[in-house]
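Notes for the one structure printed next.
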Amino acid sequence: MNSSDRSPEGLNSPEPKPKNFIQEMVERDLAEGRSGGRVHTRFPPEPNGYLHIGHAKSIHLNFGIARDYGGKCNLRFDDTNPLNEDPAFVESIRRDIRWLGFDWEDREFHASDYYDQLYEWAVHLVREGKAYVCELDEKEIREYRGTVTEAGRPSPWRDRPVEESLDLLERMRQGEFEEGRYTLRAKIDMAAANMKMRDPLIYRIRHAVHHRTGDRWKIYPMYDFAHCLSDAIEGITHSLCTLEFKDNRELYDWFVENCPVSSRPYQTEFARLNLTHTVMSKRKLKRLVEEGIVEGWDDPRLPTLSGMRRRGYTPEAIATFCDRIGVARTDSVIELALLEHHLREDLNARALRVMTVLDPLKLVITNYPEDRTEVFQALNNPEDPDAGTHELPFSRELWVERGDFREDAPRKWFRLAPGKEVRLKFAYFVTCEEVIRNEKGEVIELRCTYDPQSRGGQSPDGRKVKGTLHWVSARHAVECEARLYSNLFTEAHPEAEGKDLLECLDPHSLEIRPHCKAEPYLASVAVGESVQFFRHGYFVVDPDTNEERRVFNRTVGLRDSWAKLEKKLQPG
RNA sequence: UGGCCGGUCGUCUAAGGGUAGGACACUAGGUUUUGGUCCUAGUUGUGGGGGUUCGAAUCCUCCCCGGCCAACCA
């Protein structure tokens, strides 16, 4: 399927894709010659956690804008708080961005690269009378700041002589004072309606070892000071961030305008991504990991990029998803179904079809010779004739899906039931003649007869069977483990009605099937590769796979219209 | 209660004074050796009241609702 086929005029008139407000802004800026006709963006993660699907939106936006308008996009680690940051996160962030398909070339930067320059500018602000060293403690600073409805009061140190501030600042840097003793603050407006402008902190004392600068620094810059100036240093033209930074923009501009920078970046805010049935905040993700609710940052139920990769998501699916959701300034929550749609769309086009029985039930073909084996050619992918075929062995004893047999078949049941005939995919028609039970009365085996004339799955007399089942030759079956993942949360909006996150957990979000039966071809699929388990869904080979054990993660199920139908039939 | 931002189908997102369109979801049908895919059709929307205008989702006004801001986090 080619999207251009849908256009009546074909390839020559692709439907014009609407532009989002950021693209419009960039085009306008380019047309007006702002920033010298340059476009330069950046993706600025703090290395204090793993990237998630929300970051993917930002990465696609920033790198996409650069790509589409002949610009560049930097990777910059916003490492201004050594307490939270870890080089392990730096590496995971690099890996995730590369996985998404983006390349920052030689432009990997760190805010810590700029500590000297930032310090110089802080000194500049003090000399200009625009910053001062304050001795209020944390609690006092909060009190003096006032509230959203009341103006703040000036710090008693606000008018400290410049030379004194300069001296104190230098000694702060040298490590002469304990943490919390002093701060450097911008002198702006304690009565500003915008709380961010009430003499915000520029530096705080931290006797911490930074993962890149070691113990060289005893003071660390705050985000609002470091971020905008880092943008200026790098010649960023468009600094894109999420909506909650709207109020910070006034401060952003203040620092850029009051420091002798040689480049003028502009901040623009867009709505962050929210998804139903999951949580996106680092705090909540961290809680799930640390309380052992999930098995780590790469747990396939998490929306972290490493989790999604392990779940079997593809970068292509994430890309088309990001493209489709757009970029706007409205707070929004995207339905998980949309993400899953793009995932199925991608996987449907390329995942090889294989047959795996998740809940095995023995099926014996009584009129098929015991010592015989046939080999059928199984189509790898009906969506892609070029994908070829693979060999599929067939014999007298097979495994079929327990759920494909019903003693008392409901209405519109196309599958196995006493006396019913079905097609075994690529093989023969079989008819269920007898049901074998154990002493507890449980069905343990189906005895069937096959029609030799139906070889390949068609009968010469043209009779139709509605049901086509997947199966695995018992003698040739490969054992494997399937991990069936579903949403971590039962609620579309966890915590929505004052519920605690943990109350919304689905206890069945992971169901392990340790003894599945797969056709032999599956043994050759490599870790990280995706396949479709016929009639079940898309699965990916998990890294836990080794010589003794093959593990498959369910990425996403196939749509199941029978499940819907059955639900509808039931009450009536 | 102060400031700022924002409200278009169930969910996202277009239309920027001139036919409210697309995608997902949902419903019904068709095709099918996956109850998958694919195809066809359909339901559903401009938060509310005033105003300007031949004409308003779009401009003005009042109201309502939602989000963000009072870390030495980012």
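Values in this document were obtained by computation on a predicted structure and should not be read as measured data. Each chain gets a letter, A, B and so on, in the order the sequences are listed, and its residues count up from 1.
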Mind checking the C1' distance from B:C65 to B:C26? Whole angstroms is fine.
27 Å

Give the C-alpha distance, both sets of side-chain angles, the deciding distance and a yes or no for salt bridge (charged side-chain N to carboxylate O under 4.0 Å, His left out) between A:Glu250 and A:Lys196.
CA-CA 8 Å; A:Glu250 196 178 348; A:Lys196 299 286 181 196; over 6 Å; no

Can you see if the side chain of A:Arg559 gets near the phosphate of B:C26 - specifically, an N or O under 4.0 Å from OP1 or OP2?
yes

B:U32 OP1/OP2 closer than 4.0 Å to side-chain N/O of A:Lys464:
no

Say you pick atom P in B:U27 and the same atom in B:G36; how far apart are they, in whole Å?
13 Å

When the P atoms of B:C12 and B:U46 are considered, how many whole Å apart are they?
16 Å

Send over the distance from A:Leu336 CG to B:U11 C1', rounded to a whole Å.
12 Å

Distance between the P atoms of B:G45 and B:A20, in whole angstroms?
13 Å

If I pick the C1' atom on B:U58 and the same atom on B:G18, what distance separates them, to the nearest angstrom?
11 Å

Rounded to whole angstrom units, what separation is found between the CD1 atom of A:Ile325 and the P atom of B:G22?
21 Å

C1'-based separation of B:G29 from B:U13 [nearest Å]:
29 Å

Would you mind telling me which of A:Asp78, A:Asn248, A:Leu251, A:Thr80 makes a side-chain contact (heavy atoms from CB on, under 4.5 Å) with A:His227?
A:Asp78

Mind checking the C1' distance from B:A15 to B:A57? Whole angstroms is fine.
9 Å

Check whether any side-chain N or O of A:Thr149 sits under 4.0 Å from OP1 or OP2 of B:G3, and answer yes or no.
no

Rounded to whole Å, CZ of A:Arg329 lies from P of B:A14 at a distance of 10 Å

Side-chain N or O of A:Thr80 less than 4.0 angstrom from OP1 or OP2 on B:A74?
yes

When you check the phosphate oxygens OP1 and OP2 of B:A28, does a side-chain N or O of A:Lys568 lie under 4.0 Å from one of them?
yes

Correct closest heavy-atom pair for A:His60 and A:Cys322 would be CD2-SG, 3.7 Å

Atom-to-atom span, NZ of A:Lys466 to P of B:G36 - whole angstrom
12 Å

Check whether more than 12 heavy atoms from other residues, nucleotides or ligands sit under 6.0 Å from atom CZ of A:Arg158, and answer yes or no.
yes

Give a yes or no on whether a salt bridge exists between A:Glu85 and A:Arg212, defined as a side-chain N under 4.0 angstrom from a carboxylate O.
no

Base B:G35 paired with A:Arg415 side chain (donor-acceptor, <3.5 Å)
yes

Side chain of A:Asn81: nearest nucleotide among B:A70, B:A74, B:A25?
B:A74

Rounded to whole angstroms, how far apart are CZ on A:Arg535 and P on B:G35?
5 Å

Are A:Arg344 and B:C38 close enough that a side-chain N or O sits under 4.0 Å from OP1 or OP2?
no

Give the nucleotide from the list B:A74, B:G22, B:U34 with an atom nearest to the side chain of A:Thr468.
B:U34

Could you check how far CD of A:Gln267 sits from C1' of B:C5, rounded to whole Å?
13 Å

Would you say A:Arg204 reaches B:C73's phosphate, i.e. side-chain N/O to OP1/OP2 under 4.0 Å?
yes

When the distance from CG of A:Asp331 to P of B:G67 is rounded to whole Å, what number comes out?
9 Å

For nucleotides B:U31 and B:G22, find the distance between their P atoms and express it as a whole number of Å.
26 Å

Any A:Arg423 side-chain nitrogen or oxygen under 4.0 Å from OP1 or OP2 of B:U34:
no

Please figure out whether A:Gly146 or A:Lys412 has its closest RNA chain B nucleotide nearer the 5' end.
A:Lys412

Expressed as a whole number of angstroms, how long is the span from A:Arg145:CZ to B:C73:C1'?
12 Å

From the list A:Tyr538, A:Phe539, A:Phe533, ring pair (Phe, Tyr, Trp, His ring centres under 6.0 Å) with A:Phe552 holds only for A:Phe533

Between B:G36 and A:Glu383, counting only base atoms on the nucleotide and side-chain atoms on the residue, is there a donor-acceptor pair under 3.5 Å?
yes

The answer to which of A:Asn84 and A:Ile334 contacts RNA chain B further toward the 5' end, by nearest nucleotide, is A:Ile334

So does A:Arg198 get a side-chain nitrogen or oxygen closer than 4.0 Å to the phosphate oxygens (OP1/OP2) of B:A70?
no

State the syn/anti category of B:A71 according to its glycosidic angle, syn meaning within 90° of 0.
syn

Is the shortest distance from a Lys or Arg side-chain nitrogen in A:Arg249 or A:Glu269 to a carboxylate oxygen in the other one below 4.0 Å?
yes

